[in-house]
Amino acid sequence: MVTLYIADEKIECAEVKPIKLTMLITGNGEEYLLVHDWGRQHLFAVQRGKGEQPEFVYIDKVIRVEEETQYRRIAK
C-alpha cells in the first residue's frame, strides 16, 4: 500500500509494478525521459519553462536502445 499526501488530499494506492525511469539529455541540452514499463519502452520530451513545473510530451514507443559504456579517469 502506498499513501500519497498532496495539498489537502490523501490518496491510497496499491503499487502494481515498479516503472523504471531514465532521464536523458542531449549535447544541446534537450531533456528526455525514457520509461521502461511492462517490457516496453516509451520516450517523452521534457519541456521546462523558467520556474515552471516540467511538462512531459509523449513522442513514441522505443524500438531499440543502444548503450555505450564510457569510462573516464578522474585525476586526483
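Since we're looking at a predicted model, the values are computed, not measured.
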- To the nearest 0.5 Å, how far apart are NE2 in H42 and CG in D37? 6.0 Å

- Message: Counting only heavy atoms from other residues, nucleotides and ligands, does the tally under 6.0 Å from CD of Q47 exceed 12?
- Response: yes

- Message: Does any part of the side chain of F56, heavy atoms only, come nearer than 4.5 Å to the side chain of V46, both counted from C-beta?
- Response: yes

- Item | L24-L33 co-clustered via ILVMFWY side chain contacts under 4.5 Å | no

- Under 4.5 Å between side-chain heavy atoms, hopping through other hydrophobics if needed: is there a path connecting F44 to V65? no

- Query: Just how far is it from atom CD of E15 to atom CE of M1, taken to the nearest 0.5 Å?
  - Reply: 12.0 Å

- If you measure from CD on Q53 to CZ on R48, what distance do you get to the nearest 0.5 Å? 11.0 Å

- Find the distance between CG (L43) and CD1 (I63) and round it off to the nearest 0.5 Å. 11.5 Å

- Query: Do M23 and Y32 belong together in a cluster built from hydrophobic side chains that touch within less than 4.5 Å?
  - Reply: no

- For H36 and I19, the nearest pair of non-hydrogen atoms, with its separation, is O-CG2, 3.3 Å

- Query: What about I6 and V2, same hydrophobic cluster or not, with Ile/Leu/Val/Met/Phe/Trp/Tyr joined at side-chain heavy-atom distances under 4.5 Å?
  - Reply: yes

